> 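Before anything else, here's the structure in question.
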Amino acid sequence: MNAPKTADGYAILRNPRTNKGTAFTLEERRALGVEGLLPPMPSSLEHQVARILGELDQVEGDLNKYLILSDLQARNERLFYAVIMSDPATYMPIVYTPTVGEACQKFDHIFRAARGIYLPITAKGRVKELLSNWPVEDVRFIVVTDGERILGLGDLGVGGMGIPIGKLALYTACAGVPPEVCLPVTIDVGTENEELLDDPLYLGLRQRRVRDEEYHAFIDEFVRAAQDLFPRSCIQWEDFANRNAVPILERYRDAICTYNDDIQGTAAIALAGMYGALRITGGKLVDQRFLFLGAGSAATGIAELIAQAMVLEGLDIDEARQRTILFDVNGLVTANRDDIAPFQRPFAIQHEPIGTFVEAIRSLRPTGIIGVSTVPKLFDQTVIETMSELNERPIIFPYSNPTSRSECTAEEVYRWSKGKAVFASGSPFGPVEIEGERFVPGQGNNVYIFPAMGMAIYATEARRVTQEMFIVAAQAVAEQVREDHLAEGLIYPPQSEILDASLHVARRVAERIYDDGLASVPRPDDIATQIKAKAYQPSYQR
Ligand code: NAD
């Protein structure tokens with residue numbers, strides 16, 4: 001075989017981090033040895049972006065757009081980020097939810113360039129060896145999944161890898177965490193998904209999920225290896241089933257820099273909604289009483305963060321938890337019920353049993369109701385009218401996803417409350433017009449929280465991730481909602497302004513990290529400037 005001649009230029013073109021594609025100038029082409037390997041006329045980054053946007057416009061279907069962007073990411077990273085950062089509100093749903101869900105489901109049938117690290121349990125005892133195959137030494141941010149609870153789609157096995165990849169793209173695009181410090185990881189302990197196990201193209205281990213001790217020992221090996229190799233990194237757990245997510249977070253949260261976005265980011269965005277709503281209704285968080293429809297992990301996670309935020313306003317934690325009351329499939333969660341799980345117990349109140357949600361509203365007189373039941377239509381006309389009788393401006397948050405499971409629609413709430421309700425939902429609803437008045441519903445989307453949290457941790461090299469950091473993040477999201485948005489009922493910042501919003505949240509969280517002595521770098525005079533200087537920009541000049 002003919003040995004290749006000096007191939008440096010060719011290698012530069014094949015490396016997504018060094019490749020500028022047609023944007024290499026004539027001088028660069030000559031100096032780097034890529035002259036002749038490209039069409040002769042150089043493009044600017046702006047022209048390259050226009051070319052990709054044009055191509056995306058031509059293509060039908062979001063999955064096809066996802067594939068174009070995914071190929072671009074593997075070819076020219078700066079161009080990839082320039083494209084998605086040119087219009088984040090449009091491209092976030094393509095590189096992440098909902099499109100990424102379909103990409104994960106079809107992972108084995110659309111697989112292209114490999115990205116990230118796969119850790120199969122068959123490599124038990126050699127995790128460090130596999131992780132050290134990653135070509136970057138200074139990894140700061142790891143998003144890891146075991147693929148068991150991917151979005152609302154369940155166990156997708158090794159196909160879950162789309163989630164850490166997509167989520168890390170948002171850390172970069174929405175808050176500027178540099179892509180070179182990010183590492184997507186998928187832990188493959190098997191799958192219970194029969195379709196995957198029967199699919200000859202399935203790329204993961206063809207075995208049932210390993211559970212319990214063996215599972216946790218493997219997670220432990222991963223954490224130790226990651227700490228050894230990347231001591232300055234933060235581990236973000238993503239889309240684990242509750243049975244593992246909660247114990248994993250409990251095990252590591254006080255030991256290393258780590259968090260779970262499904263649990264903590266989700267609670268923070270709900271709390272941000274509360275702070276946003278209070279800017280419309282007036283009053284303090286500590287004066288509110290919330291009644292949750294649903295008492296699962298979402299309800300208790302949000303309730304706990306709200307309670308902790310109330311503690312910062314002067315209540316003690318037990319008093320605060322009595323203001324975040326749960327109602328589940330068996331009725332009001334009261335102390336004398338014998339079917340209460342330990343994680344629900346702190347929120348159980350002394351009260352006679354109540355079997356219907358409306359009765360609970362009448363008796364407890366909440367200022368806000370939060371739907372996390374996964375059951376559609378439970379916030380019916382009587383519920384909304386009762387809340388509106390009791391409150392000048394009732395807070396109504398149907399947070400169940402997807403849209404088909406929402407406890408009510410935006411239109412129903414505005415109509416039944418005669419425009420009085422302050423509304424936010426888990427799934428998106430379009431603007432609503434009632435008797436000539438326009439209302440813009442907000443969507444509680446973690447994307448306002450996790451990229452900013454990542455940026456703050458990266459900039460400060462935080463040693464731990466605390467609940468207070470999430471409370472500050474929630475406050476920082478809410479304080480950015482402009483008066484003109486509030487006037488239309490919108491209590492979250494618009495997604496089109498996500499980068500500015502995230503940099504603000506990152507600054508506020510970083511301040512907290514420095515204040516609490518959790519940073520590993522000295523506090524700069526100007527934290528905003530530090531964050532800005534560290535934020536990635538998709539430019540060929542850097
Ligand atoms: P889960 O299954 O753990 O809990 C569901 C709870 O609802 C249970 O306590 C159950 O008893 C209760 N429930 C079921 N039917 C009921 C009924 N008829 N009346 C009263 N209560 C009933 O689910 P989860 O993980 O807590 O998630 C709940 C929902 O919240 C999901 O749809 C999820 O997508 C959504 N969620 C949204 C956000 C957001 O910010 N948008 C955040 C977290 C969760």
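As the structure lists them, so they are numbered: ligands from 1, and atoms in each ligand from 1. Numbering of residues begins at 1 and proceeds along the displayed sequence. From a predicted model like this one, the values you see are computed outputs, not experimental measurements.
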> With a 4.0 Å heavy-atom cut-off (strictly under), which part of L378 contacts ligand 1: side chain, backbone, both or neither?
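L378 to ligand 1: side-chain contact only, backbone stays beyond 4.0 Å.
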> Report, in ascending order of atom number, the atoms of ligand 1 lying under 4.0 Å from any heavy atom of G444.
40 (O), 41 (N)
> Would S297 count as a contact of ligand 1 if the rule is a heavy atom under 4.0 Å away?
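Checking ligand 1 against S297, which is what was asked, there is a heavy-atom contact under 4.0 Å.
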> Among all protein heavy atoms in this structure, tell me which lies nearest to atom 32 (O) of ligand 1, with the distance rounded to 0.1 Å.
N401 N, 3.0 Å
> Under 4.5 Å between any side-chain heavy atoms of R243 and R211, yes or no?
yes
> How would you list all residue pairs meeting salt bridge (Lys or Arg N to Asp or Glu O under 4.0 Å) that involve residues 367-390, not counting sequence neighbours?
K377-E412
> Surrounding CD of Q207 (heavy atoms of other residues, nucleotides or ligands, distance under 6.0 Å), is the total greater than 12?
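Yes, because the 6.0 Å sphere around CD of Q207 holds more than 12 heavy atoms from other groups.
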> Can you list the atoms of ligand 1 that are under 4.0 Å from a heavy atom of G426?
41 (N)
> For atom 5 (C) of ligand 1, which of the options V372, T266, N446 provides the nearest non-hydrogen atom?
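Nearest heavy atom to atom 5 (C) of ligand 1 lies in V372.
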> Under 4.0 Å from a heavy atom of A295: give me the atoms of ligand 1 that qualify, with their elements.
6 (C), 8 (C), 9 (O)
> Under 4.0 angstrom from atom 15 (N) of ligand 1, is there any protein heavy atom?
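So far as the 4.0 Å threshold goes, atom 15 (N) of ligand 1 is in reach of a protein heavy atom.
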> Would you please indicate yes or no on a ring centroid separation below 6.0 angstrom for F450 and Y171?
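Yes - the distance between ring centres of Y171 and F450 falls below the 6.0 Å cut-off.
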> Of all the non-hydrogen atoms in the protein, which one sits nearest to atom 27 (O) of ligand 1, and at what distance?
A298 CB, 3.7 Å
> Looking only at distance, does V375 have an N or O less than 3.5 Å from an N or O of ligand 1?
no
> Please determine if V329 has a nitrogen or oxygen closer than 3.5 Å to a nitrogen or oxygen of ligand 1.
yes
> Nearest protein heavy-atom contact for atom 1 (P) of ligand 1: which residue, which atom, what distance?
G296 CA, 4.1 Å
> Closer than 4.0 angstrom, basic N to acidic O: yes or no for R438 and E433?
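No, R438 and E433 are not salt-bridged.
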> For L293, which part has a heavy atom under 4.0 Å from ligand 1: side chain, backbone, both, or neither?
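It is the side chain that touches ligand 1; the backbone stays farther off.
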> Do Y414 and F423 have ring centroids that are under 6.0 Å from one another?
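Close enough - the centres of the two rings lie under 6.0 Å apart.
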> Listing request: all salt bridge (Lys or Arg N to Asp or Glu O under 4.0 Å) pairs with a residue in residues 268-280, at least two apart in sequence or in separate chains.
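Sorted pair list: R279-E483.
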> Go through ligand 1 atom by atom and flag the ones less than 4.0 Å from a non-hydrogen atom of T374.
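Contacts of ligand 1 toward T374, numbered from 1: 28 (C), 29 (C), 31 (C), 32 (O).
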> Which residue is it: E148, E192, E214? I am looking for the one with a salt bridge (Lys or Arg N to Asp or Glu O under 4.0 Å) to R208.
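The option that passes is E192.
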> Counting non-hydrogen protein atoms only, what is the nearest one to atom 36 (N) of ligand 1? Give residue, atom name and distance.
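For this ligand atom, the closest protein heavy atom is Y399 O, 3.6 Å.
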> Any idea which heavy atoms bring L499 and A173 closest together, and the distance?
CD1-O, 4.0 Å
> Mind checking whether F327 and F357 have parallel, tilted or perpendicular rings, split at 30° and 60°?
perpendicular
> In the protein, which heavy atom is nearest to atom 12 (C) of ligand 1, and how far is it?
G294 CA, 3.7 Å
